[in-house]
Amino acid sequence: MIFFEGYADALKGNWGREHYFLDEVDSTNKYMLEKNVGVGAVASALSQTNGRGRSGRHWYNNPGSAIMFTVNLPLLPADKLFGLQISAGYAICDCLANYADARLKWPNDIVIKRRKLGGILTETRFAGSELKKIILGIGVNIAAIPSNVSNMAIALSEENTDLPQNGILLANFVNSLEEIFEKYANGELNIKNEWPYYSAYYKKEVSFHKGNEKFTAVEGGITEKGYLVTEGDKGEVITGETGYDFNI
Ligand code: BTN
């Protein structure tokens, strides 16, 4: 399959060696939640018919033009889950730095010039109060973006026409995620300290909306757990659960 040429040779660690290459699936996240797979296993798809985004949104793709994959992660204490998504964003930005200036829009949208290049969706399964599964799904627009989101999205090929094969990019993402996850899980990555470098909006004024309420504030960084801190009159800590979002 041409799409994944170069993948196996470019892998560096343990993750991604158990791999499910799918031509079409409803959602690689759903697939991995339902499948019994090993730690570090990856499912990727050329096309998703019902790609899932954050906050119940849909993730759109043109078949074959985005890298879409899901990793089955090692378990972590539940209080590290929110920060995990932030560290995953760092891993993807590190890989993309070779090709474009991609940054994060809190908590983990990957943006270039205020347009969305990719997104990350973590999902979990609990048995009662016991965490049983953590999966991390990532979509990055590579060759083209769906026309219904063209005003707010961007493809990597718009920024750089000299890209490696998708299989190599995918392996690089998996390698980088494995490396950063280990640091994060071991307490060797301080996501708060790293945020100013990765954020597209650090110390910039952004507008937030929650229902009908809107306010502008200066982004002041994140907490150790990954929650956003705003500066100014409305200074507060915004958690992932509040439903706040940027409105750029
Ligand atoms: C977002 O930006 O809201 C998150 C988008 C996450 C999309 C990826 S594509 C691969 C994986 N499978 C899904 O159904 N969603 C994630």
Side-chain angles (χ1 to χ4, degrees), residues 3-4 7 15-16 19-35 37 41-73 81-82 84-93 95-96 102-112 114-125 133-146 148-156 166-167 169-171 173-174 176-177 198 200-201 209 226 228 240-248:
F3 182 80
F4 296 110
Y7 171 80
W15 289 14
H19 196 132
Y20 303 90
F21 295 106
L22 307 164
D23 280 336
E24 186 178 282
V25 69
D26 46 3
S27 152
T28 55
N29 271 21
K30 182 166 178 285
Y31 181 88
M32 288 297 258
L33 280 173
E34 290 168 358
K35 202 170 175 68
V37 295
V42 171
S44 60
L46 289 179
S47 178
Q48 292 187 133
T49 53
N50 196 16
R52 299 176 177 179
R54 290 184 62 241
S55 311
R57 286 188 287 261
H58 191 81
W59 167 266
Y60 298 96
N61 71 103
N62 285 337
S65 64
I67 292 181
M68 297 174 288
F69 69 105
T70 300
V71 191
N72 183 40
L73 298 182
L81 284 176
F82 195 80
L84 168 70
Q85 314 172 64
I86 306 267
S87 62
Y90 294 173
I92 301 300
C93 285
C95 287
L96 292 170
R103 303 278 162 151
L104 295 175
K105 168 173 160 269
W106 183 85
N108 54 19
D109 275 355
I110 302 151
V111 297
I112 293 180
R114 293 183 166 245
R115 287 160 74 199
K116 182 159 169 166
L117 177 77
I120 297 172
L121 175 65
T122 310
E123 295 189 70
T124 50
R125 280 290 172 269
K133 197 163 194 175
I134 312 172
I135 58 147
L136 181 75
I138 299 185
V140 180
N141 300 313
I142 302 294
I145 46 173
N148 57 332
V149 291
S150 61
N151 58 337
M152 38 188 186
I154 189 167
L156 191 59
N166 281 359
L169 280 175
L170 175 57
F173 290 153
V174 173
S176 183
L177 285 166
Y198 288 98
Y201 301 103
H209 60 84
L228 192 75
E241 295 78 37
T242 58
Y244 280 90
D245 198 3
F246 284 107
N247 183 22
I248 54 172

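Numbers here are sequence positions counted from 1. Counting starts at 1 for both ligands and their atoms, in listed order. What you are looking at is a predicted structure, and each value in this text was computed from that prediction instead of being measured.
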Considering only protein heavy atoms, which is closest to [atom], and at what distance to one decimal place?
{"atom": "atom 2 (O) of ligand 1", "answer": "K116 NZ, 2.4 Å"}
{"atom": "atom 6 (C) of ligand 1", "answer": "R52 O, 3.5 Å"}
{"atom": "atom 3 (O) of ligand 1", "answer": "R54 N, 2.7 Å"}
{"atom": "atom 5 (C) of ligand 1", "answer": "W59 CE3, 3.6 Å"}
{"atom": "atom 11 (C) of ligand 1", "answer": "T28 OG1, 3.2 Å"}

- Query: Can an N or O of R57 be found at a distance shorter than 3.5 Å from an N or O of ligand 1?
  - Reply: no
- Could you establish whether Q48 and ligand 1 come within less than 4.0 Å of each other, counting only heavy atoms on the residue side? yes
- Are any of the heavy atoms in K30 under 4.0 Å away from ligand 1? no
- Do we see a donor-acceptor contact under 3.5 Å between the side chains of T70 and N29? yes
- Quick one: sort the H19 and F21 rings into parallel, tilted or perpendicular, breaks at 30° and 60°. parallel
- Message: Can you tell me which portion of I120 lies within the under-4.0 Å heavy-atom range of ligand 1? Options are side chain, backbone, both, or neither.
- Response: backbone
- Which segment of N61 sits under 4.0 Å of ligand 1 when only heavy atoms are counted: neither
- Query: Atom CD1 of I142 and atom CG of L169: how far apart are they, to the nearest 0.5 Å?
  - Reply: 5.0 Å
- Mind checking the CD1-CE spacing from I135 to M32? Nearest 0.5 Å is all I need. 7.5 Å
Tell me if a side-chain donor or acceptor on [X] pairs with a main-chain N or O of [Y] at a distance below 3.5 Å.
{"X": "W106", "Y": "G226", "result": "yes"}
{"X": "S44", "Y": "F69", "result": "no"}
{"X": "N61", "Y": "Q48", "result": "yes"}
{"X": "N141", "Y": "L117", "result": "yes"}

Quick one: which ligand 1 atoms are inside 4.0 Å of a heavy atom on [X]?
{"X": "G53", "value": "1 (C), 3 (O), 4 (C), 5 (C)"}
{"X": "S27", "value": "12 (N), 13 (C), 14 (O)"}
{"X": "D109", "value": "2 (O)"}
{"X": "G51", "value": "14 (O)"}

- Query: Heavy-atom distance under 4.5 Å between the side chains of I138 and L177, does that happen here?
  - Reply: yes
